[in-house]
Amino acid sequence: DQQVKQNSPSLSVQEGRISILNCDYTNSMFDYFLWYKKYPAEGPTFLISISSIKDKNEDGRFTVFLNKSAKHLSLHIVPSQPGDSAVYFCAASSLLPGGTSYGKLTFGQGTILTVHP
Amino acid sequence: KAGVTQTPRYLIKTRGQQVTLSCSPISGHRSVSWYQQTPGQGLQFLFEYFSETQRNKGNFPGRFSGRQFSNSRSEMNVSTLELGDSALYLCASSWGGRGQSYNEQFFGPGTRLTVL
């Protein structure tokens, strides 16, 4: 049972344009969401997070949007740069009673982003 | 501030052997989580330690175990290795404070384990 899904295995974007990565979840107990970037042979790097009490969070070129009713979140990268080319993982957690509890992130399968110069 | 470090970075073992992996969290972080990454299953949660206590555990057999020391460093042990244990093992740390940021985790580079 895949509780966090990234339905697009890959995305190709031109440098300077917007990259939009999508993520869907099924577990309504999730209340905190994170995006990570991963290069080959390295661990995931934390990018940005959002709490379920918000619908948007911005950090520089990165913005995450959360639609709780649709159980959907997206990461926008504007403008995209070739150095952004990596695998992007969406992750979710819950600290609510009965949720996934401490220390556990549930990850999607990842989306490979390629930004062409 | 130094990041999360993991040793060794690469390891080759044979079936039936056991292995111990080490993780040093970011200074001041008290929570350490372990994950297994494989091409087929993606990133799967193994367990989490806080103040030397296992607080949460994923769906892995008892051959996978861990511990945390008083300085927050953590080790993970896999006994009776199987071919399917070949994977990238990632350690992540967080400060472990109150609130949702408890699970804002920072990852190490991982240990690549190959079981022959």
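First the proteins, then the strands, lettered A, B, ... as listed; each starts at 1.
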Are [Y] and [X] co-members of a hydrophobic cluster defined by side-chain heavy atoms under 4.5 Å apart?
{"X": "Val78(B)", "Y": "Ile12(B)", "value": "no"}
{"X": "Ile20(A)", "Y": "Tyr88(A)", "value": "no"}
{"X": "Val4(A)", "Y": "Phe65(A)", "value": "no"}

What part of Gln109(A) gets closer than 4.5 Å to chain B, counting heavy atoms only: side chain, backbone, both or neither?
-> side chain
Which region of Leu105(A), side chain (C-beta onward) or backbone (N, CA, C, O), has a non-hydrogen atom less than 4.5 Å from a non-hydrogen atom of chain B, or is it both or neither?
-> both
Taking [atom1] in [X] as the centre, count heavy atoms belonging to other residues, nucleotides or ligands within less than 6.0 Å. Is the count above 12?
{"X": "Arg15(B)", "atom1": "CZ", "value": "no"}
{"X": "Lys5(A)", "atom1": "NZ", "value": "no"}
{"X": "Asn71(B)", "atom1": "CG", "value": "yes"}
{"X": "Arg61(A)", "atom1": "CZ", "value": "yes"}

Part of [X] within contact of chain A (heavy atom distance under 4.5 Å):
{"X": "Phe47(B)", "result": "neither"}
{"X": "Leu88(B)", "result": "side chain"}
{"X": "Leu90(B)", "result": "side chain"}
{"X": "Arg112(B)", "result": "neither"}

Backbone of Gln105(B) reached by a side-chain donor or acceptor of Tyr36(A) within 3.5 Å | yes
Heavy-atom closest pair (Phe89(A) atom, Gln37(B) atom, distance to 0.1 Å) is CZ-NE2, 3.8 Å
Minimal non-hydrogen separation, Ser33(B) against Gly103(A), with atom names = OG-O, 2.7 Å
